[in-house]
> 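Below you will find the structure I want to go over with you.
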Amino acid sequence: MGKGKVYHDPQFRYIDSYSNREVLQLTNYLGHSNHFYFTDPCWFSDNRSFVFTSDRENQSNLFRYDLDDGRITQMTDLQGTGRPGGCISAANSALYFGWQGAIHELNLETLEEREIWRQTPPMLIRGRANPTADGKYVCVMLMEDQPEEEAKISFSYSRFREFFHLKPLTQIVRIEVATGKMEVIHEDRRYMGHVNTSPVLPDILTYCHEGPWNWIDQRIWGLNVQSGETWKVRPQDGDYSIGHEYWFADGVHVGYHGRPRDESGRHVFGHIRWDNEEWVEDHFPFHSTHFHSLDETLIVGDGTPAYVFTSESQARPYIQLFKWDGERYVGPKILAYHRSTFNNQHAHCHPRFTPDGKAVL
């Protein structure tokens, strides 16, 4: 195993029994393989390659997948526990990722790697390293260390409610790529997460106040990377819990979905400009755990886990499409049966469109 090693996983094509659509399985190695979180840029090389995380030879690393020939190239030679993820900077032709308490820059072509910044306890890196659109900064969330009193098995959301109640000091920082200089641009004593830089606007990012959705007064926030100004995005007044915000491909509009706080009634999908102009929101036929889209015209959702652990009374483990007809969203149309458990982030399908909008990863 090592940086630059090439794998050729046999591909597997099949016809989904629910939708009659072709599904192409790209990886076939005895270990978890997963694409980046649905908000995180992963495509490069004219959108014919993407970066993903895979467990191979008893170690998680970052790999490149080339769609044209199925070639898989190992990009990192990491040692230790954890699953790396990150975000691509098109401006710098580089990938930024966190590993073992440091933010790293990885050249997408040469695989040259350098450490640009290292955390100083008690503030620890939480979440992914998000580069600004101009490639000058990497923005990341830091959180005051919250050690556990005894050893426990960690899993998705295992400390979700605990962190909400603890209200730890949390900071959003910007790190200058060229020098490694770090500056705190926003901090608060509350659980925060989901730092997402706009792919077009170099000074704008979104973040969230984290915790169970129906406990949060206002989840989606905007932040100016230069001034530190922060504001509500889609002011969350009334009876709805709103979240899972993501940038449309234009880097100006933010998509999101929500549900009634008491979990009765219809769910919604909406989109709004980062400055709260051009707000559109519509009721959806039924719940999906995450949504993604390139714009407002076609939305992909992931339904529910194969085994329901929420208030949903019926499992709907399908990748689903919803289409805007000019007045409302119609659907869903089943794209595939996913069977995912959602038991951990790498076992959660997090569907996302390919950049040309012709397929879903």
> Is it the case that more than 12 heavy atoms not belonging to Arg159 sit under 6.0 Å from its CZ atom?
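More than 12 within 6.0 Å, yes.
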> Are more than 12 heavy atoms, taken from residues, nucleotides or ligands other than Arg339, located less than 6.0 Å from that residue's CZ atom?
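Count not over threshold, so no.
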> Do side-chain atoms of Asn28 reach the backbone of Asp9 as a donor and acceptor pair under 3.5 angstrom?
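The answer is no, because no donor-acceptor pair under 3.5 Å joins these two groups.
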> Spell out, as yes or no, whether a donor-acceptor pair under 3.5 Å connects the side chain of Asp282 to the backbone of Arg328.
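A pair under 3.5 Å: no.
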> Would you find more than 12 non-hydrogen atoms of other residues, nucleotides or ligands less than 6.0 Å from Lys167 atom NZ?
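Counting other residues, nucleotides and ligands, NZ of Lys167 exceeds 12 neighbours.
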> Under a 4.5 Å cut-off applied to non-hydrogen side-chain atoms, are His283 and His267 in contact?
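Not touching, per the 4.5 Å side-chain cut-off.
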> Determine whether Phe97 and His104 satisfy the following criterion, ring pair (Phe, Tyr, Trp, His ring centres under 6.0 Å), listing intermediate values before the conclusion.
CA-CA 5 Å; Phe97 68 96; His104 297 258; 5.2 Å; yes
> Quick one: which of Met141, His194, Arg126 gives a side-chain contact (heavy atoms from CB on, under 4.5 Å) with Glu210?
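By the side-chain contact (heavy atoms from CB on, under 4.5 Å) criterion, Glu210 pairs with just one of Met141, His194, Arg126: His194.
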> Does any non-hydrogen side-chain atom of Leu223 lie less than 4.5 Å from one of Thr206?
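Thr206 does not reach Leu223 side chain to side chain.
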> Not counting sequence neighbours, which residues clear side-chain hydrogen bond (donor to acceptor under 3.5 Å, both in side chains) with Asn214? List them please.
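Result, side-chain hydrogen bond (donor to acceptor under 3.5 Å, both in side chains) vs Asn214: none returned.
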> Below 4.0 angstrom, N of the basic side chain to O of the carboxylate: do Arg273 and Asp275 qualify?
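Yes.
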> Is the Phe291 to His244 ring centre distance short of 6.0 Å?
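Judged by ring-centre distance (under 6.0 Å), Phe291 and His244 do not meet the cut-off.
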> Can you confirm whether Glu162 is buried at CD, in the sense that more than 12 heavy atoms of other residues, nucleotides or ligands lie under 6.0 Å from that atom?
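More than 12 within 6.0 Å, yes.
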> Within a strict 4.5 Å, meaning less than it, do heavy atoms of the His292 and Val360 side chains meet?
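No, side chains not in contact.
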> Please examine the side chains of Cys208 and Ile220, heavy atoms only from C-beta on, and report whether any two atoms are closer than 4.5 Å.
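The answer is no; the side chains never approach within 4.5 Å.
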> Could you tell me whether Phe269 and His257 have their ring centroids closer than 6.0 angstrom?
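No, the ring centres sit 6.0 Å or more apart.
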> When you measure from the centre of the six-membered ring of Phe63, is the NZ or CZ of Arg56 under 6.0 Å away and within 45° of the axis?
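Ring-cation test returns yes.
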> Please give me the minimum heavy-atom distance between Ala102 and Ile125, naming the atom from each residue.
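Distance-wise, the nearest heavy atoms are N-CD1, 3.9 Å.
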> For Gln218 and Val233, which heavy atoms make the closest approach, and how far apart are they?
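The answer is NE2-O, 3.2 Å.
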> Working to the nearest 0.5 Å, report the span between CZ of Arg259 and CD1 of Ile242.
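Reported value, rounded in 0.5 Å steps: 9.5 Å.
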> Step by step, would you call Asn34 with Thr53 a side chain to side chain donor-acceptor pair (under 3.5 Å)?
CA-CA 5 Å; Asn34 62 281; Thr53 305; 4.5 Å; no
> Using the ring centroid of each side chain, check whether Tyr65 and Phe50 are separated by less than 6.0 Å.
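Ring-ring flag for Tyr65/Phe50: true, centres closer than 6.0 Å.
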> Taking NZ, NE, NH1 and NH2 as the nitrogens, is one of them in Asp77 or Lys5 under 4.0 Å from a carboxylate oxygen of the other?
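Looking at Asp77 and Lys5, the cut-off is not met.
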> Test your reading of the model: is there a side-chain donor-acceptor pair from Asn130 to the backbone of Arg128, 3.5 Å cut-off?
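Here the side-chain-to-backbone pair exists.
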> Give a yes or no on this: more than 12 heavy atoms of other residues, nucleotides or ligands lie within 6.0 Å of atom CZ of Arg48.
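Yes, enclosed.
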> Quick one, Leu26 and Leu67 - any side-chain contact, counting heavy atoms below 4.5 Å?
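Side chain of Leu26 against side chain of Leu67, heavy atoms only: contact under 4.5 Å found.
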> Is Asp356 reaching over with its side chain to a backbone N or O of Lys358, donor-acceptor style, under 3.5 angstrom?
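Between the backbone of Lys358 and the side chain of Asp356 there is a qualifying donor-acceptor contact (under 3.5 Å).
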> Considering only heavy atoms from C-beta outward, does the side chain of Tyr207 approach that of His186 to under 4.5 Å?
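The answer is yes; the side chains approach within 4.5 Å.
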> Main chain of Trp274, side chain of Trp231: is a donor-acceptor contact present, judged purely on distance under 3.5 Å?
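Yes; at least one donor-acceptor contact below 3.5 Å.
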> Answer with yes or no after comparing the ring centroid distance for Phe322 and Tyr329 against a 6.0 Å cut-off, counting only values under it.
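Ring centroids of Phe322 and Tyr329 are no less than 6.0 Å from each other.
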> Would the distance check show the side chain of Ser293 and the main-chain N or O of Ile299 forming a donor-acceptor pair, the cut-off being under 3.5 Å?
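No.
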> Without swapping roles, check the side chain of Gln25 against the backbone of Thr27 for a donor-acceptor pair under 3.5 Å.
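Indeed, once roles are kept as given, a pair shorter than 3.5 Å links the two residues.
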> Within the 4.5 Å heavy-atom criterion, are Val138 and Val177 side-chain neighbours or not?
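They are in contact (side-chain heavy atoms under 4.5 Å apart), so the answer is yes.
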> Is Asp46 atom CG crowded by more than 12 heavy atoms from other residues, nucleotides or ligands, each under 6.0 Å away?
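Atom CG in Asp46 is not packed in, count stays at 12 or less.
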> Which class fits the ring pair Phe38 and Tyr246: parallel under 30°, tilted 30 to 60°, perpendicular over 60°?
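Because their plane-to-plane angle is over 60°, the rings of Phe38 and Tyr246 count as perpendicular.
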> Have Glu176 and Tyr137 got a donor and an acceptor in their side chains that come within less than 3.5 Å?
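Glu176 vs Tyr137: no donor-acceptor pair found between side chains.
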> Could you verify whether a donor N or O on one side chain and an acceptor N or O on the other, from Ser288 and Tyr318, lie under 3.5 Å apart?
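No, no side-chain donor-acceptor contact under 3.5 Å.
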> Tell me, with the steps shown, if Glu245 and Arg234 meet salt bridge (Lys or Arg N to Asp or Glu O under 4.0 Å).
CA-CA 10 Å; Glu245 62 283 354; Arg234 198 284 187 190; over 6 Å; no
> Are the aromatic ring centres of His348 and Phe342 under 6.0 angstrom apart?
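Yes.
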> Under 3.5 Å, side chain of Glu281 to main-chain N/O of Val268, donor-acceptor pair present?
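No; judged by distance alone, with no hydrogens or angles, the pair does not exist.
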> Counting neighbours of NE2 on His346 that are heavy atoms of other residues, nucleotides or ligands and sit closer than 6.0 Å, is the number greater than 12?
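Atom NE2 in His346 is crowded, with more than 12 foreign heavy atoms closer than 6.0 Å.
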> Considering only NZ, NE, NH1 and NH2 on the basic side and carboxylate oxygens on the acidic side, decide whether Arg64 and Glu109 come within less than 4.0 Å.
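Salt bridge present between Arg64 and Glu109.
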> Please assess Phe52 against Ile72 for the test side-chain contact (heavy atoms from CB on, under 4.5 Å), listing each intermediate value before the final yes or no.
CA-CA 10 Å; Phe52 69 103; Ile72 297 172; 3.8 Å; yes
> Closer than 3.5 angstrom, by distance alone: can the side chain of Ser89 be matched with the main-chain N or O of Gly135 as a donor-acceptor pair?
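Pair absent, no side-chain N/O of Ser89 close to backbone of Gly135.
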> Quick check: are there more than 12 heavy atoms from other residues, nucleotides or ligands sitting under 6.0 Å from CD of Glu327?
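No, the 6.0 Å shell around CD holds no more than 12 heavy atoms from other groups.
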> Determine yes or no for a side-chain-to-main-chain donor-acceptor pair under 3.5 angstrom, with Gln146 supplying the side chain and Leu166 the backbone.
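Side chain of Gln146 to backbone of Leu166, a donor-acceptor pair under 3.5 Å: no, none is there.
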